[in-house]
Student: 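First, the structure itself, so that you have it in front of you.
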Amino acid sequence: MRLDYPPNVRIVNVPCTGRVDMLHLLKAIENGADGVYVAGCHEGECHFQNGNLKAKRRVAAVKEILKEVGLEPERVEMFHVAASDGPGFAAAAREMTERIRRLGPSPVRGAAEEDPLWEGGGAEAMST
Amino acid sequence: MVVAERKPIEEILAMVADFKKVLLVGCKGCVTVCCAGGTKEVGILASALRIARKKAGNPLEVVEHTLERQCDPEYVDQLAPMIKENGFDAVLSMACSVGPQFIAKKYPIQVFPMLNTTFIGGALEHGVWAEFCQSCGNCIIHNFGGLCPIARCSKSLMNGPCGGSANKQCEVSPEIDCIWHLIYDRMVELGKVEKLRTVFPIKDWSTSRDGGPRKIVREDLKL
């Protein structure tokens, strides 16, 4: 389909979003990612029964932790995109990038680590 | 098992506010099973603390380690080289409250509990735990169809139910089953309901906390 999506999104492949651990999301934030989102299958369509629902609950738990440490919970998100839905994947990437751009760079990156080329929206996506 | 849950991160951040380097110690015993203080929870808390302190511009170095158990001195002894050589400001224990006490007894360093030790219980399902025992020191559950009226009745009634029992629920909360309702059902199921006509005598609480902190000594096991 040769669809465009924002180049700042770095994709980490997982066999199923059920493999995504809270630590994967937290480590990305800890190491300076401006946002992390998980792109899993639609609810009820998990090949492994409920991996996407597990991921959804873990994303919710990480949002709570971010709230507790004073970071915007919107920096992590769960999207449901079918494996064959290229336009949906690109739309999720755009939505997350726009959201991160609004929120600004992650305050977890110290001044010394600040990227002078930041244009808004360095996000990591975990996708099946 | 001992069931515990992590303290709010805000409370933990206040504890470590003045520190630059801490040792966060998990436990592979009960708190691993109840997902409160095992290796994974140590990783999550360490990451959360680092994020919070990096954000505040005052980074905190968190060294992670998980012991086999924190309630046996031989495992707590294993922390000696780490504590001696690394210049930690404090040790944060993710065990039940036995762990931080064992560490505090052994090492001249400040120790902070990361968990609230909540009860002796079991898992009802994944992610749900409930209280089943109050460690009264003299188990009598065989008189009640195998169900404990001390831990599981809000009033610890030995001759229940009370007037607050309605629709199988305790008046304290609709979330709490009336254990006396369950005891009755169970005794009917066992064909022993007539036994409930006997008034259970006043319980001897001397085996509980009435005699102060308790101790068990087994001469046959001493080295």
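The analysis underlying the following values was restricted to heavy atoms, covering all of them including side chains, and did not include hydrogens, waters or symmetry mates.
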Student: Where does B:Pro8 contact chain A at under 4.5 Å (heavy atoms): side chain, backbone, both or neither?
Tutor: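 When you check distances to chain A, atoms from both the backbone and side chain of B:Pro8 fall under 4.5 Å.
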Student: Would you say A:Glu74 has more than 12 foreign heavy atoms packed within less than 6.0 Å of its CD?
Tutor: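 It does: A:Glu74 CD has more than 12 such atoms within range.
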Student: Should the heavy atoms of other residues, nucleotides or ligands under 6.0 Å from NZ of A:Lys27 be counted, would the total exceed 12?
Tutor: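 For A:Lys27, atom NZ is crowded (more than 12 foreign heavy atoms under 6.0 Å).
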Student: More than 12 non-hydrogen atoms from neighbouring residues, nucleotides or ligands closer than 6.0 Å to NE2 on A:His42, yes or no?
Tutor: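 Yes, enclosed.
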Student: Which value, rounded to the nearest 0.5 Å, describes the distance between B:Arg50 atom CZ and A:Asn31 atom CG?
Tutor: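 These two atoms lie 9.0 Å from each other.
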Student: Take B:Lys55 and A:Leu71 through the test side chain to side chain contact (heavy atoms under 4.5 Å, CB included) and record every step on the way to the result.
Tutor: CA-CA 8 Å; B:Lys55 177 177 177 277; A:Leu71 222 61; 3.4 Å; yes
Student: Looking at B:Ile44 and A:Leu23, what are the two nearest heavy atoms and their distance?
Tutor: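 B:Ile44 and A:Leu23 have their closest heavy atoms at N-CD2, 3.8 Å.
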Student: What are the two closest heavy atoms between A:Val69 and B:Ala48, and how far apart are they?
Tutor: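 Where A:Val69 meets B:Ala48 most closely, the heavy atoms are CG1-O, 3.4 Å.
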Student: Atom NZ in A:Lys54, atom NE2 in B:His126: separation rounded to 0.5 Å?
Tutor: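 Answer rounded to 0.5 Å: 8.0 Å.
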Student: Any chance NZ of A:Lys56 has more than 12 other-residue heavy atoms, nucleotides or ligands included, within less than 6.0 Å?
Tutor: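 At most 12 heavy atoms, drawn from other residues, nucleotides or ligands, come within 6.0 Å of this atom.
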Student: Would you find more than 12 non-hydrogen atoms of other residues, nucleotides or ligands less than 6.0 Å from B:Glu175 atom CD?
Tutor: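 12 or below, so no.
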